[in-house]
4 protein chains.
Amino acid sequence: MAQKLLIDTDPGNDDAIALYVALADPSVDVVGVTTVMGNTTLDNATRNALALLEHVDRTDVPVIPGAARPFSDELVTAEEVHGPGGLPEHVREALPEPTQEPVDGNAVEFIVEQAREHRDDLTIAALGPQTNLALALAVEPRIAEWVDDIYLMGGALTVTGNVTPMASFNFYVDAAAASRVVQEATPKLVGLDVTERVYVSTAEIERLQGEPEPLSTIGDILAFSIDEVRDKFGNDGGLASDAVLVADIVAGLLDYEDAYVEVDTTGGPSNGATIYDEHGVYGHEPNCEGALGIREDASYEDIVVGRLEELA
Amino acid sequence: MAQKLLIDTDPGNDDAIALYVALADPSVDVVGVTTVMGNTTLDNATRNALALLEHVDRTDVPVIPGAARPFSDELVTAEEVHGPGGLPEHVREALPEPTQEPVDGNAVEFIVEQAREHRDDLTIAALGPQTNLALALAVEPRIAEWVDDIYLMGGALTVTGNVTPMASFNFYVDAAAASRVVQEATPKLVGLDVTERVYVSTAEIERLQGEPEPLSTIGDILAFSIDEVRDKFGNDGGLASDAVLVADIVAGLLDYEDAYVEVDTTGGPSNGATIYDEHGVYGHEPNCEGALGIREDASYEDIVVGRLEELA
Amino acid sequence: MAQKLLIDTDPGNDDAIALYVALADPSVDVVGVTTVMGNTTLDNATRNALALLEHVDRTDVPVIPGAARPFSDELVTAEEVHGPGGLPEHVREALPEPTQEPVDGNAVEFIVEQAREHRDDLTIAALGPQTNLALALAVEPRIAEWVDDIYLMGGALTVTGNVTPMASFNFYVDAAAASRVVQEATPKLVGLDVTERVYVSTAEIERLQGEPEPLSTIGDILAFSIDEVRDKFGNDGGLASDAVLVADIVAGLLDYEDAYVEVDTTGGPSNGATIYDEHGVYGHEPNCEGALGIREDASYEDIVVGRLEELA
Amino acid sequence: MAQKLLIDTDPGNDDAIALYVALADPSVDVVGVTTVMGNTTLDNATRNALALLEHVDRTDVPVIPGAARPFSDELVTAEEVHGPGGLPEHVREALPEPTQEPVDGNAVEFIVEQAREHRDDLTIAALGPQTNLALALAVEPRIAEWVDDIYLMGGALTVTGNVTPMASFNFYVDAAAASRVVQEATPKLVGLDVTERVYVSTAEIERLQGEPEPLSTIGDILAFSIDEVRDKFGNDGGLASDAVLVADIVAGLLDYEDAYVEVDTTGGPSNGATIYDEHGVYGHEPNCEGALGIREDASYEDIVVGRLEELA
Ligand SMILES: [Ca+2]
Ligand SMILES: [Ca+2]
Ligand SMILES: [Ca+2]
Ligand SMILES: [Ca+2]
């Protein structure tokens, strides 16, 4: 039986690729997409999620809006990176107009209900700031026990940050939410330690761009980070952080280590930093699994491109 | 028609008096009591709320448990002040065993439902840390527009703190929650500026202690702070902070001023401090009403004792 | 014998008045003026100090420049309040060109030397950010034992701040320095609790403005805050915070209480806040004397204007 | 001509090795040793420095005590690591009684004087918390321009911390001082990124322990971290962080990259963290050189052991 997967997301280019990969893989059954502010506003994130589902004829998957702002911090988005609507303008124009409406409900209730119903048949993948998930845990702490795995896109355990020198974007946007989830959900943390190390090559991306829809636009989305990857990391290819997490869920890509982690919530220059107690200074038991390596026997590009081609 | 009142509370001695006053006053209709950790654990607070309602034969009022911990901070209680179960042991022993069970639901849902149903017929009085209310606002931000007034017990705008030199207890316990509520709920803030200034005199308390139940035990509850009031403020009487807030709701006791307020969430020595922009340094519009004075034409003692005697 | 007084200052309008009062009073002997950034840059503060001394023919008093920036924080000045050079332009134009050069040395060394030499014949009055004094204490901790009294202009123990809602300007500019001095110098803290409560009346100021030099320009300096006092406090008169401190030194104006105080150095919204443990929450012994009242038998206006007239 | 070297230090086992290496190498001329609290109290650090010099007959090198505490933070030492007096008891017992007295002066003055005198003939190596150096810079900012290089032992740019998960010990102890020095001294930062990667092998250490004095005791000092290195890093050998820095000065060991760095001074869980803007998020120019690699053509063990043997 397919693993049920609830995706909490703020699309976002990499969220889009992650969503496509999850939808394409028969081993997972996406039970719903909850949305959250982050890369863009909640309204844009919700609209983008609907458009992405429309694009691959998956309007059977419900979209449920969640938090329009962090729990207590001011709203920050990454539109200067992802585009003013969360996706590059030419991508948003290429995507179909959604025919589906968002579900009239709240992401927090949806997460609680799905967890209660599916128990350990359910995996949760939080690809944006952890606001929805933290609220769900605050309302119903048993979620953490009920479900199978909770994957968090976020953190920078052994590497420097992206949005600030200290913090990964998702932890930075709602550090209090990240802190709560890390404290209680025993999550699998997929952070910059691994997401910045694997790419889909420019050659593959260009090939996808030359294919008919939906691959053509998917290629365009993958292409959006090619320049950044070259300038920042001196590498070739497109980076899609959230897709690394989903690639691991569907095909096994990452090596995890038990880790004790906290999140800096001071509001200072290290706000949202992943406090990773690598050497056991605090003497606490591990509270999460941190993705610190790429499996030698797995190919990110093969996993991602292979699934995407299933959408053709 | 009586004003519907939802009481969110962490009883706690002063919460107990506040609850008695609200239940006794015919101008308000207590639609439910939601509980939260704070003065004691959630379980104790819930049990205490049930016992207090039993004590005055008001088992018609539902009790709905909420947050067992702050949103992202570690749990802190005030059992060294209020007693290890949230009330002095002799009080807990004098109160009847509850026959009512807590409602099988969550305070957050209850707050949202009551607000949706009663709209501006509803007033919310949050007498403990603002965790439940902040979560309710996070799940359903329209609460702030729907309901009539939101009263918060918390803050120290122009005076020093109680739990630390900088912070009032309720803001300190969950500063992120306090921050969220202050940002969005346009609350009426009832803080240490006024609550430490009004008392029920020792003479009146002793008189109540000599009356039959339930007044005798209520007198015992009022008596718990007499020593602290003498030592700390050099005044005579019992202090019941949360009852000041309810006294204002039922009879008009406080003078409010428009104020712009933020809450320190740094986790440092000023964590939970009320950042009160008295002189408009930030240039922001007011976001709350701060109780800064006691009405000259009102008597706290008369309001409180008068209502309590209705319970006899 | 006159009490020797070392004035550390960032003139600044109120510093100017404070300096005039000290120079005019025969009971104190100003052994030197050390300067520090604060209301303006160090260079402006030094030049202003020289010009003020020239203005009243006191070029016998040496001026020794100190810190051009806070210990570890970025430089912040208050030129939008005091004028772009630290004094209103018409005042700077009215003051004579200094004939004296600043001493070729450092304020820190000067403070240490004077303290070593004069021991308890010396009082130090720090009227600006406490950077110089903190550095002197760091180099020579015995200063605190050697000298008679150390007065600090700074703090807001029981009132809200001026530069932010939480902080007084001098503590805010170099919170680490303020923290160090409060920890070790057993200072007399003269803060907003008292400085915002006493004024020289507008009538007296206008009278001074009509007198010959130097009173005319001194009146102009006193006049600079009349509008702010009216708008912010609804009072009549000119406020000269630093002069309150000097008025207390020369004539006894303030009532002090033993207090335990810390300074917030988090860099957050409460940075520079005075953490005043009014009710003994921490259980520490007092580490300073806080000016919390105005003596009933003293008149600030009489003290200040009386001394100023000695300069005619 | 030998490069003049001023060593600021808190011995400390690794400081001892660093000092021996510097004293043994003819290419540097140690002009003085200033001491600072850190691994132990100032008094112990000073006494240890005198004993180490005595041990290798170098009482010609003056020892000048500096800061007994951090600028504004509370004193923290590492005696649980280095031993209650800063060195293991058997080492302190083996070292000779000092015949030299510490210089009657202050490290801050000494640093300023040496920098003024020797200008770019002088290199400063700060092997402990940067308190003395920060104070010297605060009193005389031109030091940074005058001298040749300023090496700081401290920081963790790309790796986790040692004293906390976020901070290296020296930056943690006085984060404000570290922040000041990083801002102004354009230092060469030698941090955990490199110091935890190079060792003197256990075999070499045991060989030294079998030699006559002073090598025998030097071997004992090197041996103190063998267990920690095995348990924490799974490596063989003794770690002497400060000696890595000195090895680079005397023989060239490290590869540096231009870097922009700040230091977290919030006092929160990331206090003392090295904020390394690896990817230019802030857009600031580099303000230091960070040691991020070990030169392929250099052997730490050969450099250190080679110099130590010169002491025989
Ligand atoms: Ca995302
Ligand atoms: Ca309460
Ligand atoms: Ca001043
Ligand atoms: Ca050291």
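As the structure is a computational prediction, the values presented were derived from the model and not from experiment. By convention in this document, chain letters (A, B, ...) are assigned in the order of the sequence lines, proteins followed by strands, and residues within each chain are numbered from 1.
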(message) Given heavy-atom pairs under 4.5 angstrom as the criterion, report whether the side chain, backbone, both or neither of B:F233 touches chain C.
(response) side chain

(request) Could you tell me which non-hydrogen atom of C:V281 sits nearest to which non-hydrogen atom of B:T164, and how far apart they are? (result) CG1-CA, 4.1 Å

(request) Would you mind checking which part of B:N162 comes under 4.5 Å of any heavy atom in chain C, side chain (CB onward), backbone (N, CA, C, O), both or neither? (result) backbone

(request) Counting only heavy atoms closer than 4.5 Å, note whether B:T265 contacts chain C via side chain, backbone, both or neither. (result) neither

(request) Decide yes or no for B:H279 and C:T160: does some side-chain heavy atom of the first lie under 4.5 Å from some side-chain heavy atom of the second? (result) yes

(message) Could you tell me if the side chain of C:Y276 sits less than 4.5 Å from the side chain of B:M166, heavy atoms only?
(response) no

(message) Just so I understand: if I count every heavy-atom pair under 4.5 Å between each of B:S270, B:G161, B:G267, B:G268 and chain C, which residue has the most?
(response) B:S270

(message) Taking CD in C:E80 as the centre, count heavy atoms belonging to other residues, nucleotides or ligands within less than 6.0 Å. Is the count above 12?
(response) yes

(message) For C:Y260, which atoms come within 4.5 Å of any heavy atom of chain B: side chain, backbone, both, or neither?
(response) neither

(message) With heavy-atom distances below 4.5 Å as the criterion, would you say the side chains of B:P269 and C:T266 are in contact?
(response) yes

(message) Does B:F71 have more than 12 heavy atoms from other residues, nucleotides or ligands lying within 6.0 Å of its CZ?
(response) yes

